[in-house]
Novice: 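Below is one structure. I have some questions about it.
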Amino acid sequence: MTEEPSANEFQHLNEEVRDIWDANADFWDQRMGEGNDFHRDLIMPNQLALLDIQPGDNVLDVGCGNGQFARQMADRGARVVGVDIAERMIENAVSRSQDYGDRVRFAVADATDENAMLKVGEGAYDAICCTMAIMDMASIEPLSSAVRRLLKPGGRFVFSVMHPVFNSPKDLVRTVDRTETEDGLIIDTYSVKISKYIQSVAYKGLAMLGQPEPQHYFHRPISGLLNVFFRDGFTLDGIEEPVFGSDTAPNGTLDWDNFNQIPPVLVVRLRPGTAR
Ligand SMILES: C[S@@+](CC[C@H](N)C(=O)[O-])C[C@H]1O[C@@H](n2cnc3c(N)ncnc32)[C@H](O)[C@@H]1O
């Protein structure tokens, strides 16, 4: 992403994104189930607070994966449509949602294709969410434009991403330094070291250890991420940087639980302006 890809290059990259998520879908479904610790402790409570779902709200879940967050929103009274680029993700989402009837529906749709997104209902949604998927999308300009047109006036868009500063840059290293004070006290200092941040860059990595294929990540600095939406008239009116705090990991390990001053995810709420 250092240079704009040609249309052909972009299409090829995007097809690769889709195929990799298809290949990872069953592994993802088994490991994610109805939510892992990142979701339970950091993402879900903050997204639900910012979404402020009211019974009967129509909500769109973009990049819904196996539908775990879609079902959590339906449990709170929303009528949810979940879309994902990967067909196998949607098959798993459908089979996990049998008990929900038409309170949760799913479709394959590519968020980098504005016209495809509009087919799920222009002006139909009280709220739209995108959970930990924007950093997996090869382009986000079409999503911004689509979200503006899919929302009802006064609607809200809430998304979470790997924190662009502390958990996204390529070559990021997490470290723990152990020092002993003069009176024999052991002090562990947990830090994140980054050497590249400001440039948007694509690289491959693992969302979950052991997944069949590494996936593409699209790192964007905070300005690069939010300016796309600001240019489409969105305003930011909610932001959370949740940290783990349960202190259950063994001291001295690189478990995120020990990094209780460093947020691994960023959750924001955006609202479209009045101009459409
Ligand atoms: C890290 S998973 C998150 C899944 C789900 N939101 C969750 O939190 O459980 C990222 C998801 O984004 C989807 N995705 C990636 N690019 C996409 C695109 N262009 N359009 C729609 N979905 C996409 C992937 O198929 C994958 O299911």
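Sequential numbering from 1 along the given sequence is applied to the chain's residues. First listed ligand is number 1; within each ligand, the first listed atom is number 1.
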Novice: Write out the residue and atom name of the closest protein heavy atom to atom 8 (O) of ligand 1, then the distance separating them to 0.1 Å.
Specialist: His39 CE1, 2.9 Å
Novice: If hydrogens are left out, which of Val161, Val108, Ile85 has an atom nearest to atom 17 (C) of ligand 1, that is, the closest non-hydrogen atom?
Specialist: Ile85
Novice: Check ligand 1 against Met89 and write out every atom of the ligand that is under 4.0 Å from a heavy-atom position of the residue.
Specialist: 27 (O)
Novice: For ligand 1, which atoms have a heavy atom of Asp110 less than 4.0 angstrom away?
Specialist: 18 (C), 19 (N), 20 (N)
Novice: Distance only, no hydrogens: is a donor on one side chain within 3.5 Å (strictly under) of an acceptor on the other, for Asn14 and Thr112?
Specialist: yes
Novice: Is the number of heavy atoms from other residues, nucleotides or ligands within 6.0 Å of CD (Glu122) greater than 12?
Specialist: yes
Novice: Which atoms from ligand 1 have a heavy atom of Val17 less than 4.0 Å away?
Specialist: 16 (N)
Novice: Could you tell me which atoms of ligand 1, counted from 1 in the order shown, lie closer than 4.0 angstrom to a heavy atom of Thr131?
Specialist: 3 (C), 5 (C), 6 (N), 8 (O)
Novice: Which one of Gly35, Ala111, Ala138 has a non-hydrogen atom at the shortest distance from atom 20 (N) of ligand 1?
Specialist: Ala111
Novice: Using a 4.0 Å cut-off to any heavy atom of Thr112, which atoms of ligand 1 qualify?
Specialist: 19 (N)
Novice: Is Arg148 positioned over the aromatic face of Phe234, cation under 6.0 angstrom from the ring centre and no more than 45 degrees off axis?
Specialist: no
Novice: If you count the atoms of ligand 1 from 1 in the order shown, which ones are under 4.0 Å from a heavy atom of Asp136?
Specialist: 1 (C), 10 (C), 15 (C), 16 (N)
Novice: Looking at atom 1 (C) of ligand 1, what's its closest protein heavy atom, distance included?
Specialist: Met132 O, 3.1 Å
Novice: Measure the distance from atom 27 (O) of ligand 1 to every protein heavy atom, then report the residue, atom name and distance (to 0.1 Å) of the closest one.
Specialist: Asp84 OD2, 2.6 Å
Novice: Identify, by atom number and element, the atoms of ligand 1 in contact range of Gln68, meaning under 4.0 Å from any of its heavy atoms.
Specialist: 7 (C), 8 (O), 9 (O)
Novice: Taking distance alone, with no angle check, do Gly63 and ligand 1 share an N/O pair under 3.5 Å?
Specialist: yes
